[in-house]
2 protein chains.
Amino acid sequence: MSQKLFVSAQEVAEKAGVSRSAVSRTFTSGASVSPKTRQKVLDAADALGYHVNHLARGLMRNESGIVCLIVSEIGTPYRSALLRALTQQLQNSGKVAMLINTDRSDGSADLALRQAIRYRADASIILSGLPDKSITDLCLKNGQRLVLINRDDDREGPLKINLDDADAAARIATAFVRAGCSKLAFANSQAGTPSLMAREHGFVAAAKAMGLDVMVERFGHTGYESGRAVAQQLLTRKERPDAVFCATDLLACGFMDAARHQFSMSVPDQICVAGFDDIEQASWSSYGLTTFAQPVDMTAREAVSWLVSETAESENHTVRLHADLVWRTSIRGG
Amino acid sequence: MSQKLFVSAQEVAEKAGVSRSAVSRTFTSGASVSPKTRQKVLDAADALGYHVNHLARGLMRNESGIVCLIVSEIGTPYRSALLRALTQQLQNSGKVAMLINTDRSDGSADLALRQAIRYRADASIILSGLPDKSITDLCLKNGQRLVLINRDDDREGPLKINLDDADAAARIATAFVRAGCSKLAFANSQAGTPSLMAREHGFVAAAKAMGLDVMVERFGHTGYESGRAVAQQLLTRKERPDAVFCATDLLACGFMDAARHQFSMSVPDQICVAGFDDIEQASWSSYGLTTFAQPVDMTAREAVSWLVSETAESENHTVRLHADLVWRTSIRGG
DNA sequence: ATCGCTTTTGCAAGCGTGTGCAAATGCTGC
DNA sequence: GCAGCATTTGCACACGCTTGCAAAAGCGAT
């Protein structure tokens with residue numbers, strides 16, 4: 001154990017022959033310090049290997065620079081892409097991300113937010129799980145900002161970033177019909193997330209408006225295996241669908257693989273498939289999945305720019321982003 | 001702006017009618033406090049919504065509870081899977097993960113480690129990039145622990161977790177030969193990571209030992225597109241390979257897709273393919289990729305258990321983990 | 001009640017930083 | 001040289017917590 005401990009501003013001050021305030025001001029942007037002493041301090045700091053202690057700074061300023069990312073299923077393509085974009089943006093804004101994994105228990109979003117409070121995070125971004133109202137209230141009351149991505153609820157205070165899920169669903173429904181399909185199906189998971197349900201309801205409603213019924217199947221989590229399972233259910237029916245909209249790309253990939261390899265169907269000749277998210281795999285030539293692109297970069301930018309803005313707290317802020325349809329080869333025509 | 005600020009131990013103490021020390025001890029495990037006062041404190045804390053300030057605690061204890069994860073290409077299947085496992089394990093051990101994205105610049109690993117130092121992280125886990133020696137020295141000197149995953153270098157002090165890459169490469173070489181292949185190829189990226197190069201050299205050496213040459217191609221980053229590009233190079237040769245070992249699964253997926261859809265080749269009949277990592281997509285039925293499974297859970301467990309152990313600092317610690325061969329359908333026979 | 005012992009409790013001194021305030025310093029124009 | 005002003009500097013307090021130390025309290029036995 002070297003146990004040398006970290007070098008403090010005090011030591012730098014002594015080495016540079018100035019007061020401790022001077023070194024503090026040198027590392028505080030916008031503080032008044034002469035160029036001469038500034039240089040002396042910087043030299044001494046460099047020689048000693050000094051780094052401002054952000055714990056202490058956060059304690060004083062009552063602003064830690066930490067932003068909590070609360071997320072489950074980190075290994076999933078869409079989630080990890082969003083994570084990438086968010087950390088990138090946060091670092092651009094001088095913030096640092098604290099990552100909290102809520103895969104395990106159900107109340108884990110609450111535990112996570114508690115952790116965020118303990119470290120006095122300036123803000124939390126929630127990508128999964130619906131935290132308890134009492135906790136979010138606590139966050140907000142303590143001046144912590146909150147961003148909810150794709151999980152709109154009726155709370156007051158947090159920024160909510162959503163997509164035009166229902167509208168997108170309607171667009172794909174007409175695309176299916178235009179491609180000559182008439183036996184529509186929707187493949188969903190049992191997760192029941194607001195955005196997933198919005199896609200389902202939007203799709204069913206749009207179909208109904210065109211005088212068509214929709215076969216809806218839901219299964220398990222929002223993953224590849226569930227897509228296969230739903231295919232099992234849909235493709236063993238008396239009347240097979242000729243177009244299926246999957247709530248996520250992972251479901252779509254699973255569905256396509258099952259349709260092709262297990263039921264020997266051709267996509268898109270015998271069945272058209274569409275997904276949602278535009279994960280990387282959707283563009284792989286084995287799939288060529290027509291899908292809606294989640295605007296991850298835009299989402300991250302919106303979230304972070306709101307977090308760091310001086311003048312947030314604007315009462316009931318909601319951002320609704322647009323999901324572009326990326327046309328590939330899993331739907332006829334185009 | 002409510003600006004109510006956080007509630008402090010002082011306020012809890014007053015409400016509970018005890019001293020500030022008492023409430024501090026209540027939240028410090030292993031401190032001496034009578035059950036009666038403890039209860040009074042807990043009640044008061046709950047009523048006021050008190051949470052220990054980990055910034056201040058870290059300042060006092062000289063131990064923040066923060067572990068930095070330094071990682072690039074977060075959106076990648078293997079990386080995100082490892083990230084998931086690591087955060088899980090860290091939380092199990094009462095630590096919290098600070099995520100640092102090093103996608104952009106080259107010296108960004110250094111910047112990241114600086115950030116880790118500023119927040120007085122107890123440890124850093126490096127999944128990407130080779131930090132400068134001066135920085136790692138600084139980390140170690142300040143009692144910060146360091147874990148390097150799959151990027152062995154000769155530094156003294158950090159824990160290094162590696163795989164038996166070369167051995168795995170040799171195993172797959174013999175598997176290819178046993179499947180009747182004789183025109184071997186290796187598909188790599190230009191990243192030149194130690195583990196990637198170990199796979200390449202191991203494969204070439206094993207082939208040479210069996211009297212076979214290997215066509216080696218390298219291209220771009222370690223992703224799907226590179227796999228396609230390498231396929232372009234390998235499959236337009238006068239003599240096509242009949243077996244190719246790809247340094248990662250993403251490369252393998254890209255290679256397979258190009259081989260099948262662009263060159264109309266059949267896998268595994270005309271060409272056998274193997275990968276490395278065992279990402280989720282490898283098991284998708286469009287690929288059925290035979291590959292080596294990275295022991296992500298084991299890796300995470302090793303890393304974290306070493307970090308939290310009392311007695312680390314054991315001079316030159318290296319862990320070499322085994323990668324199991326997962327046999328699927330991209331190689332004949334089996 | 002007194003003693004000896006263990007447990008609990010409060011005091012106060014830090015941890016490393018930011019910042020208001022007043023003193024000190026530098027600069028400009030006579 | 002000096003007055004007038006802007007800028008820089010140091011002091012000292014505060015932030016919220018932990019913890020060594022000594023005083024206080026509990027407790028059982030004499």
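Both backbone and side-chain heavy atoms feed into the values below; hydrogens, waters and symmetry mates do not. In the text below, chain A, chain B and the rest are named by the order of the sequence lines, each starting its count at 1. Fair warning: this is a prediction, and the values are worked out from it, not measured in the lab.
- Between A:Trp306 and A:His317, the ring-plane angle classifies as perpendicular under the 30° and 60° cut-offs.
- A:Ile117 places its CD1 atom 16 Å from the C1' atom of D:dG16, with the value rounded to the nearest Å.
- Following rounding to the nearest Å, A:Asn53 (CG) and D:dG16 (C1') show an atom-to-atom distance of 14 Å.
- Position along DNA chain D of the nearest nucleotide to B:Ser8 versus A:Ser32 favours A:Ser32 as the more 5'-ward residue.
- Regarding B:Leu59, its CG atom lies at a distance of 18 Å from the P atom of C:dA13, rounded to whole Å.
- Between A:Arg25 atom CZ and C:dT17 atom P there is a gap of 15 Å when expressed in whole angstrom units.
- Taking 4.5 Å as the limit, some side-chain heavy atom of B:Leu99 sits within range of a side-chain heavy atom of B:Ile74.
- Both B:Lys36 and B:Arg120 sit near DNA chain C, but only B:Lys36 has its closest nucleotide nearer the 5' end.
- In this structure, A:Ser24 reaches the bases: a heavy-atom distance under 4.0 Å links it to at least one base atom across the strands shown.
- Residue A:Tyr119 places no side-chain N or O under 4.0 Å from the OP1 or OP2 atom of D:dC17.
- Not one side-chain nitrogen or oxygen of B:Ser34 sits closer than 4.0 Å to the OP1 or OP2 atom of C:dT8.
- The interatomic distance linking A:Arg61 (CZ) with D:dC13 (P) rounds to 22 Å, in whole Å.
- Candidate nucleotides C:dT17, D:dC17, C:dG18 were compared by shortest atom distance to the side chain of B:Val52, and D:dC17 ranks first.
- The main-chain N or O of A:Ser64 is found under 3.5 Å from a side-chain atom of A:Asp122 such that the two form a donor-acceptor pair.
- In this structure a side-chain-to-backbone donor-acceptor pair under 3.5 Å is missing from B:Gln115 to A:Val96.
- Using a 4.0 Å cut-off, no side-chain N or O of A:Ser19 falls inside it from OP1 or OP2 of D:dC11.
- In this structure, the CD atom of B:Gln39 is 17 Å from the C1' atom of C:dT8, given to the nearest Å.
- The distance from the CD atom of A:Glu14 to the OG atom of A:Ser19 is 11.5 Å, given to the nearest 0.5 Å.
- Projected onto DNA chain D by closest heavy-atom contact, A:Ser21 and A:Pro35 fall at different nucleotides, the more 5' of which corresponds to A:Pro35.
- Residue B:Arg20 contributes atom CZ, which lies 10 Å from atom C1' of D:dT18 at whole-angstrom precision.
- At whole-Å resolution of the value, CE in B:Met60 and P in C:dT17 are 15 Å apart.
- Note on B:Phe27: nothing from the nucleic acid sits closer than 4.0 angstrom, heavy atoms only.
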